[in-house]
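Below, each value reflects all heavy atoms present in this structure, side chains not excepted, and no hydrogens, waters or symmetry copies. Lettering of chains follows the sequences in order, A, B, ..., and the numbering in each one begins at 1.
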Protein chains: 2
Amino acid sequence: MSPIRDIDRTSYEPAYVQLINILKGQIAAGTYLPGSRLPSESQLCKRYKVSPMTVRRSIKALLDQGVVTTIQGSGTFVKAPDMGEARFSLEEFHSLFKDKVNTKVKILGAMVTRADRRIGGKLNVTPGERTILIRRLLVRKSKPFIYHREHLVYEPGRPIVEAELEVTSLHGLFQGTGESSLKRGEFAIKAAVLSKEEADILESAEGQPAFHLEHVFYDFDERPFSWGHFICPGDRVLFRADVGMIKG
Amino acid sequence: MSPIRDIDRTSYEPAYVQLINILKGQIAAGTYLPGSRLPSESQLCKRYKVSPMTVRRSIKALLDQGVVTTIQGSGTFVKAPDMGEARFSLEEFHSLFKDKVNTKVKILGAMVTRADRRIGGKLNVTPGERTILIRRLLVRKSKPFIYHREHLVYEPGRPIVEAELEVTSLHGLFQGTGESSLKRGEFAIKAAVLSKEEADILESAEGQPAFHLEHVFYDFDERPFSWGHFICPGDRVLFRADVGMIKG
DNA sequence: AAGTGGTCTAGACCACTAT
DNA sequence: TAGTGGTCTAGACCACTTT
C-alpha cells in the first residue's frame with residue numbers, strides 16, 4: 001500500500017519527526033497490529049541510519065501519545081486503544097474567552113458576605129468570616145452565555161485578591177498574567193440543571209441540563225483564595241476527546 | 001527555606017528525575033516566578049554537573065507538564081497556570097470497569113433495527129439499512145449505575161461487530177483486547193437530564209442531571225462501526241483536572 | 001549469554017535571539 | 001558576535017527479559 005520510506009536528510013522536518021510518522025503510518029496501516037512487537041531500537045538504528053538517541057526520541061513520543069508500551073528487556077509493543085486514556089480539554093470553552101470581539105464580561109455584583117460551612121471548607125476560613133462574592137456574566141454576541149459565581153477570601157493585604165476584583169475580562173482568569181501569584185488550580189465538571197435564578201440570568205429555562213465547572217485556585221503558599229463555578233447550559237459547550245491513532 | 005540540592009549519584013533515582021524535582025521545587029517555592037527565565041542549559045550543566053542531554057531531558061519534561069515555555073535563542077521561561085490546559089480524564093469512570101468484583105454488566109437487550117437519519121449519519125450507512133441496538137446496564141454492588149446504548153453496523157462478515165456482540169464485560173470496550181481491529185475512538189461529554197426510561201432503568205428520578213458520554217469507534221479502514229452513549233446520573237461520577245504546579 | 005530498553009556522556013552543528 | 005535552545009552523533013554502562 002504505502003511504500004517504505006527512508007529518512008529524508010534534506011527535509012526541513014527533523015529526523016525524529018519523520019521516524020515518528022513512519023512508525024505511526026505503519027501502525028495505522030496495520031503493518032504492526034496491537035500487541036505485536038516493533039523492531040528493536042538497534043534494528044531501527046540500522047534500518048533508518050540514525051543514532052540510538054534519535055530512535056529513542058521517536059519511541060518516547062509514541063509512548064507519550066499512548067500508541068506503544070515499552071517493556072525493559074523485552075521490547076516495544078503496539079498498544080490497543082484504551083478508553084481510560086481519553087483526555088478532555090477546555091479548549092472550546094477557553095476559546096470563548098479569547099474572542100475579545102464577540103465576548104464581553106459583565107459584573108452582575110460584588111459584595112461582602114459571611115462564609116457558611118461549605119465556603120469555609122473550600123477556602124479554609126472559619127465559618128462566619130468575611131468573604132467576597134463576585135457574580136459575572138459572560139456575554140457572547142449580546143447573548144448571555146456563561147454565568148460565573150466566585151467566592152474570594154476577604155484579606156485586603158493579599159494582592160491576588162485585589163487583582164481578582166479588577167478582573168472584568170475573564171481572560172485574566174484563564175491565562176495567568178505572568179505576574180500573579182496564582183500557583184495552581186483544581187477543576188471539576190459536574191452535571192446539573194439550571195435553577196430558576198440561573199435560567200433567568202442565562203435566558204434559558206429552569207431545569208435545562210447544564211455544566212457546572214467548579215474551580216479552586218491556590219496561591220504560592222498553597223492557600224486557597226478563590227472558589228467558584230462557571231455555569232453553562234449544556235447545549236452551548238461540548239467536551240471532546242480522542243483515543244488511539246488520530247487521523248489516517 | 002529549602003536548601004539547594006545537588007544530584008545524588010548514589011540514588012536509585014535517575015539524574016534527570018532529580019533535576020526535574022529540583023527545578024519544580026524552586027518554581028513552586030517562588031525562586032523562579034512566572035514569566036522569569038530559568039538558568040540556561042549550559043549553566044545548568046555546570047551547576048549540576050550533568051551532560052547537556054540530561055538537562056534537555058529534564059527541561060523537556062517540564063515543557064510537557066506545562067510548567068515552562070522554551071523560546072529558541074532566548075531562553076526557558078516559567079509559565080503561569082493556564083486554565084485552557086486543564087485535561088479531564090475518565091479515570092474515575094474507568095475504574096468502575098476494572099473492579100470486576102463489585103461491577104457486573106447485564107445485557108438488557110439486543111435487536112436488529114433500521115437506521116434513522118441520525119444513526120445513519122454517525123455510522124455512515126444509508127438510512128433504512130439494518131443496524132443493531134444493544135442496551136447494557138452496568139451494575140455496581142447490585143445497584144444500577146450506568147446505562148449504555150450502542151448502535152452497531154449490521155455486517156455479519158465484520159469480525160469487530162461479531163466480537164462486540166459478545167461483550168458482556170464492558171471492560172472489553174474500555175481496554176482493547178489486543179487482537180481487535182479497533183483503531184480509534186471519539187468521545188464527547190454532554191450535559192443531560194434523565195428521561196423517564198433512563199430514570200426507571202437507573203433507579204433514579206426523571207429530570208435528574210446526568211452525563212451523556214457519547215462515543216464513536218472506528219476500525220482500521222477508518223469506518224465507524226459503533227456509536228452510542230454511556231448515561232450516568234451526575235452525582236455518581238466526577239471529571240477532575242489540575243492546572244499549574246501539582247502538590248508541594 | 002544474548003538481546004532489549006533505560007540512562008548518560010561529551011561533544012558537534014544548526015537556527016534563532018539579543019545586543 | 002555571543003548566547004540560547006534544537007537536533008544529532010557514536011558510543012558507554014546498566015537493569016532486565018528471554019533463551
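For A:Phe239 and B:Phe239, the gap between ring centers reaches or exceeds 6.0 Å.
The side chain of A:Pro52 has D:dA10 as its nearest neighbour among C:dT7, D:dA10, D:dG5. Among the nucleotides C:dT7, D:dC8, C:dC8, the one closest to any side-chain atom of B:Arg9 is C:dC8. Closest to the side chain of B:Pro14, out of D:dG5, C:dC8, C:dG5, is C:dC8. Checking D:dT17, D:dT7, C:dT7 against every side-chain atom of A:Ser74, the shortest atom distance belongs to D:dT17.
Contact annotation: B:Thr54 does not reach the phosphate of C:dT7 (side-chain N/O to OP1 or OP2, under 4.0 Å). A sub-4.0 Å separation between OP1 or OP2 of C:dC8 and a side-chain N or O of B:Tyr16 is absent. Under 4.0 angstrom from either OP1 or OP2 of C:dT4 there lies at least one side-chain N or O belonging to A:Ser42. Between B:Thr70 and D:dG6 there is a side-chain N or O to OP1 or OP2 distance below 4.0 Å.
Atom CE in A:Met53 sits roughly 11 Å away from atom P in C:dC8 (whole-Å rounding). Computed from coordinates, the A:Glu41 CD to D:dA15 P distance equals 18 Å when rounded to whole Å. Note: CD1 (B:Ile20) to C1' (C:dT7) measures 13 Å, nearest angstrom. Residue A:Phe77 contributes atom CZ, which lies 12 Å from atom P of D:dT17 at whole-angstrom precision. Counting to the nearest Å, the P atom of D:dA15 and the OH atom of B:Tyr12 are 15 Å from each other. Counting to the nearest Å, the C1' atom of D:dG5 and the CZ atom of B:Arg37 are 10 Å from each other. One atom, CG of B:Leu44, and another, P of C:dT9, lie 13 Å apart when rounded to the nearest Å. Rounded to a whole Å, the CZ atom of A:Arg56 is 17 Å from the P atom of D:dC13.
Contact annotation for B:Ile71: backbone-only contact, meaning every heavy-atom pair under 4.0 Å involves sugar-phosphate atoms and none involves a base.
Taking the six-membered ring where the residue is Trp, B:His215 and B:Phe217 present parallel rings, their angle staying beneath 30° rather than reaching 60°.
A residue-by-residue look at A:Ala15 and A:Gly73 shows that A:Ala15 has its nearest nucleotide of DNA chain D further toward the 5' end.
Considering only heavy atoms from C-beta on, B:Glu13 comes within 4.5 Å of B:Asn21 through its side chain. Between B:Val68 and B:Tyr32 there is no side-chain heavy-atom pair separated by less than 4.5 Å.
B:Arg87 and B:Glu85 are not joined by a salt bridge, as no carboxylate oxygen comes within less than 4.0 angstrom of a charged side-chain nitrogen.
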